[in-house]
Amino acid sequence: MTEAKTTFLRDYTPPDFLIKTVDLCFLLDETSTKVSSHLTISRNSDAEEQSSPLILNGEQLELISIKLNDRLLSENEYKFSATELTIDKVPREFSLNLETQIKPSANTSLSGLYVSRSIFCTQCEAEGFRRITYFLDRPDVLASYTTTIVADKTRYPVLLSNGNKISTKELANNQHSVTWKDPFKKPSYLFALVAGNLEFIQDKFVTKSARKVTLQIFFEKGQKEKCYHAMDSLKKAMAWDEQAYGREYDLDIFMIAVIDDFNMGAMENKGLNIFNSQTVLADPESATDSDYSYVTKVVGHEYFHNWTGDRITCRDWFQLSLKEGLTVFREQEFSETIGSAAIERINTVKLLRSLQFSEDAGPLAHPVQPDSYIEINNFYTMTIYEKGAEVIRMMKVLVGPELFRKGMDIYFERHDGQAVTIEDFIQSIEEGSGYDLQQFRLWYKQSGTPELYIEYHYKPEAKTFDLIVKQSCPPTPNQLTKKPFYLPLAMALLDAEGQAFALQLTGESQVVDKQRVLTIKETEQHFQFVNIDSKPVPSLLRNFSAPVKLYVAYSDKDLAFLMQNDSDYFNRWDAVQQLANRIVMRRLEQPSASDESANLLIESYQGLLTNITKENNALFAELLNLPSEAYFSEQMKVVDVDGIHNTRLWLREKIAHDLRVQLLKLYKTYQDFKPYTFNETAQAQRRVKNTCLNYLMLLKDTAINNLAISQYQKADNITDSVSALSELVNNNVSESAQFLNDFYEKYKTNTLIVCKWLAIQAYAPLGDTLQHVKDLLKHPAFDWKNPNKIRSLIGAFCTGNQAQFHQISGGGYVFLSEQIQHLDKLNPQIAARLLRPLTRWQRFDKTRRELMREQLECIVKTTGVSPDVYEIASKSLVG
Ligand code: B3K
Ligand code: ZN
């Protein structure tokens, strides 16, 4: 078993030492890079201990020499272990010169300094800087960095680091050097270095206080055309942050470097963001419409970190959501201004419900501010990011946009240049808004998804409408009982025409509004509205005003009404989700259940179809998409894998059959829009068309198959070709193998498209998919060094193909377990992420449960298992 050390929030103490300046020099070489570091250090007067030894973090470093105040230390003056370097006796203030050697090309974990293809790059968050040099590698040690990079001029003409370039030199032996100085103090996790034979595109942005900023995106040859969309997104993000939060960019240059082998989507290093090529490159040939939107989101996200993350950073890693939740929220607000706000919100909630709610209901549930961890990289979770963003959104809904902005201004003003806590953030919002958020803080401390149960009664004689709201939250690991949450419940009451009633509560002297935000703070609350002339249908939790599970005693007809009439588009979509869920759950309980509700859903679709316009067609496509198998699984105590798959398929087939004529007509309306254009209207048309095709293919009709074939052959953009190819593969059309080959031959040199090719095959709901995925591991298209490929093949199969991954033989589980054990030796972070589907073993039937558990136990017992994988596997076995 591995040595697993747990870190606790309650043990936090300020650092004993502070580092004022860091001068780094890298002599770059793929197999052996020499790193010299000159640090000026002083004891921290805030620290309790004033005679403690200096303990620096360091991993996988070869120490060459240490000098203290320019004096070479002898070996008995310091000691080092696999993770630390300790110098017992140090003065109050001193300098340290450290020389270490590292092996970038042998670094397969992609943390620290490594080589991707032939580019050097770094990833230091959370604790990667300690793989570069010995350091106080913790976010509350803020230092000024100067970085010199020395490398071969031919192989590495471009040498980048944080801040501004202050000098360049030509050196002997075809070497050159560049020195960068970052004027802003930062924690080590924001350090970055990139070196390679890179090209770049350049643009500029003038901030509102007239600072001219040079914008550059660096990439490997041949990708120029694919970078313009990211550049455009960056400029939009810069303008948005000025307008929405008054935040301006602060350096003379902002750089993005594009890297193929990258563990996450991107990284917000100060002035030098590093991006996974998947989240930055986009052109019509290689990026689908959703890829384009994703690029805009990620570029925005990383840029917004400049203020929420870089200028104001986290005191310790328990505060991670301080920067991540807030930045996800800001990125969501930004995206809501770029495209359709309703669709953006729908997509956010889809993600939250399918992945965060299930995390919150499983053995790895943790609060938005966790209280302990073994490996911090395991805590870059849906809860920290997505639930963290919902918590910020709720604050804004509760206090209103103006007061929220006041609070944000206080936060920026007061904490600029500091490493702070979630508590500091909440206090700023309290001060700015005048609200008491004491109870609201529970959102950060209590894990689990709260449940709201709402009943209502209308009294026609008295014209009153009573709403009774009850809340509870199920037990989660280490938290058996919960206190009630403070949350905003946005609502309206709709009359038979869908018009909202003016809302006046008993005791209020005047009508307030047609939509209200009710404040929920107690286990049970009653609200009575007066002067309601006719029986209304309530529209509740509008725009998903709180991250809760909502249970309302609606009739099926109420849901069908909301789906067609609610002016809150999110709730229209949610009505479909609820109605579809009822249909599927009833049928799972009783296979002979009547089709009445399904017919009601289809009639409502028909109603919507007659009113479809250019303005609402994208929303219509969202409404037409039924919830995923993962969503249905969340609604069941014991997941009925095959039942969910078959019943969902039955409902989709019924929709396809009953709406065949209308769907085909709609498909044909949008079939031949050419040439490709990238704008909201064209995107919506493609979305509608491909959703129709997805239904029509279920009819197993040769004429329809031919439509898909023709769409594949004639497509002038990847959204259409990938959709058509997926349909051919998923429906096992005999020509699909031929088209898969054709697609691969056409795009085999384009890594990002090859990822799509792998994913299409991994998602196929077919009996031989597992074998096929195994075969693909040996295909030249696959690459263990590239996390995108791993996610596209293994990740897609295990998380996106529920019925095949969970096949009763247990073959899927053995497959995943084997891949994890292999990958853990190369890249523990990715291995730990891949493990997630096995951790929900307790949700399945006895046979599957045992098979999954067996694999988890086998993983935990593997010799040399990483702390990353150990933490996830062992916690899920206990939970
Ligand atoms: N902050 C990085 C994530 C770092 C993950 C480290 N394992 C990207 C982001 O959230 O913007
Ligand atoms: Zn982030």
Side-chain angles (χ1 to χ4, degrees), residues 237 240-247 297 300-301 304-305 307-309 312 319 321-338 340-342 344-349 351-352 356 368-369 383-415 420 422-444 450 452 485-492 512-513 515-521 540-548 568-571:
W240 182 85
D241 214 11
E242 292 191 351
Q243 172 264 317
Y245 287 103
R247 296 297 110 198
K297 273 179 97 63
H301 180 103
F304 302 140
H305 266 315
W307 274 95
T308 49
I312 305 179
Q319 320 298 330
S321 195
L322 171 72
K323 75 176 178 82
E324 295 305 347
L326 181 54
T327 305
V328 170
F329 173 65
R330 277 152 49 72
E331 156 217 312
Q332 289 174 359
E333 288 188 304
F334 168 61
S335 300
E336 284 168 19
T337 64
I338 297 233
S340 147
E344 174 61 23
R345 189 72 186 127
I346 289 168
N347 285 325
T348 299
V349 176
L351 188 73
L352 189 81
Q356 197 281 323
V368 176
Q369 179 166 56
T383 300
I384 302 291
Y385 276 65
E386 303 299 323
K387 186 174 180 179
E390 292 300 317
V391 172
I392 307 276
R393 182 181 292 264
M394 279 191 287
M395 285 192 223
K396 184 167 175 179
V397 174
L398 281 171
V399 308
E402 288 82 24
L403 295 180
F404 181 75
R405 171 69 196 270
K406 266 195 177 171
M408 287 296 292
D409 288 349
I410 292 177
Y411 177 66
F412 289 126
E413 171 90 6
R414 182 174 298 166
H415 297 296
V420 301
I422 288 172
E423 177 57 29
D424 292 319
F425 178 81
I426 303 175
Q427 280 181 19
S428 302
I429 302 296
E430 281 186 320
E431 275 191 47
S433 66
Y435 273 63
D436 175 357
L437 297 175
Q438 198 50 42
Q439 187 187 353
F440 189 84
R441 285 166 170 80
L442 289 172
W443 281 106
Y444 286 99
L452 283 192
F485 288 90
Y486 174 8
L487 59 96
L489 177 70
M491 51 85 59
V512 177
D513 214 341
Q515 164 166 308
R516 289 186 70 142
V517 176
L518 302 177
T519 303
I520 306 299
K521 285 185 152 180
L540 299 165
L541 204 72
R542 295 190 122 196
N543 205 33
F544 204 64
S545 58
V548 299
D568 185 89
Y569 280 5
F570 173 83
N571 270 6

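Across G300 and A237, no two heavy atoms sit closer than the pair CA-CB, 3.9 Å. In plain terms, the two heavy atoms of A546 and P488 that are nearest each other are CB-O, 3.9 Å. When all heavy atoms of Y435 and E430 are compared, the pair lying nearest together is O-CG, 3.4 Å. Closest heavy-atom contact between M395 and F440: CG-CE2, 3.4 Å. Residues P547 and L352 come closest through the heavy atom pair CB-CD2, 4.0 Å. The two residues V391 and V368 have their closest heavy-atom pair at CG2-CG2, 4.4 Å.
Listed by first then second residue, pairs satisfying side chain to side chain donor-acceptor pair (under 3.5 Å) with a partner in residues 391-402 read Q332-R393, E333-K396, E336-R393, not counting sequence neighbours.
If you take CD on Q319 and CD1 on I422, they are separated by 5.0 Å, rounding to the nearest 0.5 Å. With rounding to the nearest 0.5 Å, the separation of CD in E423 from OG in S428 is 9.5 Å. Taken to the nearest 0.5 Å, the OG atom of S321 stands 10.0 Å off from the CZ atom of F425. Separating the CG atom in L487 from the CD atom in Q439 is a distance of 9.0 Å, to the nearest 0.5 Å. Note that CG of L403 and CG of L398 are 11.5 Å apart. Values are rounded to the nearest 0.5 Å. Annotation: the span from I426 atom CD1 to L437 atom CG amounts to 7.0 Å, rounded to 0.5 Å.
Remark: the H305 side chain and the T327 side chain contain an N/O donor-acceptor pair separated by less than 3.5 Å.
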(message) Walk me through whether R542 and R516 qualify under side chain to side chain contact (heavy atoms under 4.5 Å, CB included).
(response) CA-CA 10 Å; R542 295 190 122 196; R516 289 186 70 142; over 6 Å; no

(request) Begin from the C-alpha positions of D436 and Q438 and carry the test side chain to side chain contact (heavy atoms under 4.5 Å, CB included) through to its verdict. (result) CA-CA 6 Å; D436 175 357; Q438 198 50 42; 3.2 Å; yes

(request) May I have the step-by-step check of side chain to side chain contact (heavy atoms under 4.5 Å, CB included) for V517 and L489, ending in yes or no? (result) CA-CA 5 Å; V517 176; L489 177 70; over 6 Å; no

(request) Go through Q356 and V349 one step at a time and tell me if the side chain to side chain contact (heavy atoms under 4.5 Å, CB included) criterion holds. (result) CA-CA 10 Å; Q356 197 281 323; V349 176; over 6 Å; no

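Under the rule for a side chain to side chain donor-acceptor pair (under 3.5 Å), the partners of K323 that lie at least two apart in sequence or sit in another chain are E125, E268. Under the side chain to side chain donor-acceptor pair (under 3.5 Å) criterion, Y411 pairs with no residue at all, not counting sequence neighbours. Every residue two or more places apart in sequence or in another chain was checked for a side chain to side chain donor-acceptor pair (under 3.5 Å) with D568, and none qualifies. For E242, the side-chain contact (heavy atoms from CB on, under 4.5 Å) criterion is met by F205, T207, K208, E248, not counting sequence neighbours. Applying the side chain to side chain donor-acceptor pair (under 3.5 Å) test to R247 and every residue at least two apart in sequence or in another chain returns nothing.
Ring geometry for F404 against F329 counts as perpendicular: the plane angle is over 60°, on a 0 to 90° scale with 30° as the lower cut.
Remark: side-chain polar atoms of E386 are not paired, donor with acceptor, to backbone N or O of L351 under 3.5 angstrom. Looking at N543, its side chain never comes within 3.5 Å of a backbone N or O of S545 through a donor-acceptor pair. Using modelled atom types, one side-chain atom of R405 and one backbone atom of A244 make a donor-acceptor pair closer than 3.5 Å.
Taking the six-membered ring wherever Trp is involved, the centroid distance between the rings of F304 and W240 falls below 6.0 Å. Aromatic rings from W307 and F412 are positioned such that their centres are separated by under 6.0 Å.
Proximity of I338 to E344: side-chain heavy atoms (C-beta onward) are nowhere separated by under 4.5 Å. Taking the side chain as every heavy atom from C-beta outward, M491 and L541 never approach each other to under 4.5 Å. In this structure, K521 and T519 have side chains that are in contact, with non-hydrogen atoms separated by less than 4.5 Å.
Geometrically, R345 does not engage F544 in a cation-pi contact defined by less than 6.0 Å to the ring centre and at most 45° from the axis.
Under 4.0 Å is where a charged nitrogen must lie from a carboxylate oxygen, and between R414 and D424 no such pair does.
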